[in-house]
Visitor: 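Before I ask anything, let me first share the structure, which is written out below as structure tokens.
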Number of protein chains: 2
Amino acid sequence: MSVAEPGRFEKIKVPSAYQMVAEAIEREIMAGRLRPGDEIGTEAELVRQFGVNRSTVREGIRLLEQAGLVQREAGRKLYVCLPHYRKLSDRMSRALVLHQVTFRELFEAAVILELGVIESAVDEATEEDLAALEANQAMAEAALDDPVRLAGLDTEFHALLAKASRNRVLELAREPAALLFFPTSELICRRVPQGAGRMVAAHRRLIDAVAARDKEEARLWMRRHVVDWKRGFERAGRDIDEPVESIFERLSGVRQYAS
Amino acid sequence: MSVAEPGRFEKIKVPSAYQMVAEAIEREIMAGRLRPGDEIGTEAELVRQFGVNRSTVREGIRLLEQAGLVQREAGRKLYVCLPHYRKLSDRMSRALVLHQVTFRELFEAAVILELGVIESAVDEATEEDLAALEANQAMAEAALDDPVRLAGLDTEFHALLAKASRNRVLELAREPAALLFFPTSELICRRVPQGAGRMVAAHRRLIDAVAARDKEEARLWMRRHVVDWKRGFERAGRDIDEPVESIFERLSGVRQYAS
DNA sequence: ATGCCAACCTTTGTCGGACAAAGGGACGAA
DNA sequence: TTCGTCCCTTTGTCCGACAAAGGTTGGCAT
């Protein structure tokens, strides 16, 4: 059988009933006729409307559930919801791991994305954003000898910056890489003595630069901060060209708390 | 009922059987014990192993199917597969639409992401990449008066560039925005007389710059190219601060061909 | 009348079984 | 060898059923 025969015709696909159920509901949502927060009917109701069996309806609902388009209130009513970034980013991160991307790819993408973020953040950050960053910084300074907590705070720091950029496209674009990238600072803080101090110092400069609306200073320190990660990573004895799978075991543990 | 009571304990959640089935299989995949291409057993086999009903197994499989972790060969055997970027990006794009991101967010993210892409592409592009870009360019030059086709080729052009960057993290990060951003060039080509010509001309310069490994030139023309989109968009009478939902109706049509 | 409790009803999650359709393999005929 | 046919397996769908948990309602005590 030819897997990808370059022929005249596209491969024909017959959608099954449960897929059509899911697609029908999805269309309603995407077209705005079902809005986030609206209830979708009970299963019995959907059975009546679609004229298929409940099992079929349920399989369709599972697709939407995994897509993050619908949610159940504690085993109860089914209603439409906005797919949450975190869940989507999670999936993306997993895909990156499965595709065996290297830390080098992660690093180079982080340089680009975080520089973009900081630039927007300098323009757009509000007082609330700065307050949140300061709170994060205070906690980090109090946790200099706790690599696990520090890595979590580092991840959060950059997520807060992304939020401060007021650009949700950028925020979403950076998140999958960030979920794999920043948690590795745990490793660095653990293995490189001055790692934690350098990290917190860089964060301090970044907050100050954002507060002062100084774009050049912000770019400078963000670049230093990310490049510092690379040096720390190598000094911790890791090869930047290795795939990220190894880190993932711990991440999956972390993720369980988050979900 | 307190929806988000800030208490001592996390909300307890009892995973249902079908979720546990999905998670069990997902763990096998993420841990590498099931590799892409491997077959998962038949439903009957999973029923035996998990000790649950077939309906339950099937609902679990639907979750994995939607996550892109497993696939069915034309209604037949179930096997593990690498989640395809396109499908994930699709979901992300949908989420962006539902969150009503604006064209401005899209535009600003595109500047950052495409500049990052072109920079890596200049360093990393192979002869094959350049050949693919040239082929795209040839088709575009032959379709100057076909906005729909031209928009598709524009989208593909930038996807090829992203591939040429040899950075899959970056490639994945830019795709969701790209799927919403570049198809709008159809609108521009249709409403702005010189739009198509300027687009193709910019692509020409970009290919040449990549071939010449001239990073400055490449950055220059990419910036012009994206800023040109903005001018065209405004000249076509659209407001850059409007949310992207409107464009999505057509996109969902396009997407059906691609999937 | 008001507040509380118990008996209902509804809905989901799970189970068991059933059958048509389609893929795949074995087997025999040309 | 090649081809068609029959049979087995597997999936997609359907039907019916039941326990558990949330919600509702009506009655009862105050």
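Please read all numbers here as calculations on a predicted model, not as lab measurements. So that the names make sense, note that chain A is the first sequence line, chain B the second, and so on, each numbered from 1.
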Visitor: Would you mind checking if A/R72 and A/E65 are paired as a salt bridge, meaning a charged N to carboxylate O distance below 4.0 Å?
Guide: no
Visitor: Output a table of donor-acceptor pairs, distance under 3.5 Å, between side-chain atoms of residues 161-168 of chain A and any protein atom two or more places apart or on a different chain; print 'none' if there are none.
Guide:
residue: A/S165; atom: OG; partner: A/A162; partner atom: O; Å: 2.6
residue: A/S165; atom: OG; partner: A/N167; partner atom: N; Å: 3.3
residue: A/R166; atom: NH1; partner: A/K163; partner atom: O; Å: 2.8
residue: A/R166; atom: NH2; partner: A/D129; partner atom: OD1; Å: 3.3
residue: A/R166; atom: NH2; partner: A/D129; partner atom: OD2; Å: 2.9
residue: A/N167; atom: OD1; partner: A/V169; partner atom: N; Å: 2.9
residue: A/N167; atom: OD1; partner: A/L170; partner atom: N; Å: 3.0
residue: A/N167; atom: ND2; partner: B/E105; partner atom: O; Å: 3.1
residue: A/R168; atom: NE; partner: B/E105; partner atom: OE2; Å: 3.0
residue: A/R168; atom: NH1; partner: B/H99; partner atom: O; Å: 2.8
residue: A/R168; atom: NH2; partner: B/Q100; partner atom: O; Å: 3.4
residue: A/R168; atom: NH2; partner: B/E105; partner atom: OE1; Å: 2.7

Visitor: Taking only N/O atoms, report every protein-nucleotides 7-10 of chain D pair under 3.5 Å with atom names and distance.
Guide:
residue: D/dT9; atom: O2; partner: B/R76; partner atom: NH2; Å: 3.4

Visitor: Got a second to check how far B/F181's CZ is from B/L113's CG, nearest 0.5 Å?
Guide: 10.5 Å
Visitor: Say you draw a straight line from CD of B/E186 to CG of B/D154; how long is it, rounded to the nearest 0.5 Å?
Guide: 11.5 Å
Visitor: Roughly how far, to the nearest 0.5 Å, is the CG atom of A/L133 from the NE2 atom of A/H158?
Guide: 10.0 Å
Visitor: Report yes or no: do A/S16 and A/Q19 form a side-chain donor-acceptor pair below 3.5 Å?
Guide: yes
Visitor: Taking only side-chain N and O atoms of A/R62, does any of them lie within less than 4.0 angstrom of OP1 or OP2 on C/dT12?
Guide: no
Visitor: Classify every nucleotide of nucleotides 13-18 of chain D by which part a protein heavy atom approaches to under 4.0 Å, writing B for the base, S for the sugar-phosphate alone and - for neither, in 5'-to-3' order.
Guide: BBB-B-
Visitor: Looking at side-chain heavy atoms only, is the closest gap between B/I40 and B/V80 below 4.5 Å?
Guide: yes
Visitor: Going through the checks in order, is the side-chain contact (heavy atoms from CB on, under 4.5 Å) test met by A/R149 and A/M139?
Guide: CA-CA 9 Å; A/R149 179 147 173 70; A/M139 285 188 283; 3.3 Å; yes
Visitor: Please give, in whole Å, the distance from C/dT10 P to A/R48 CZ?
Guide: 13 Å
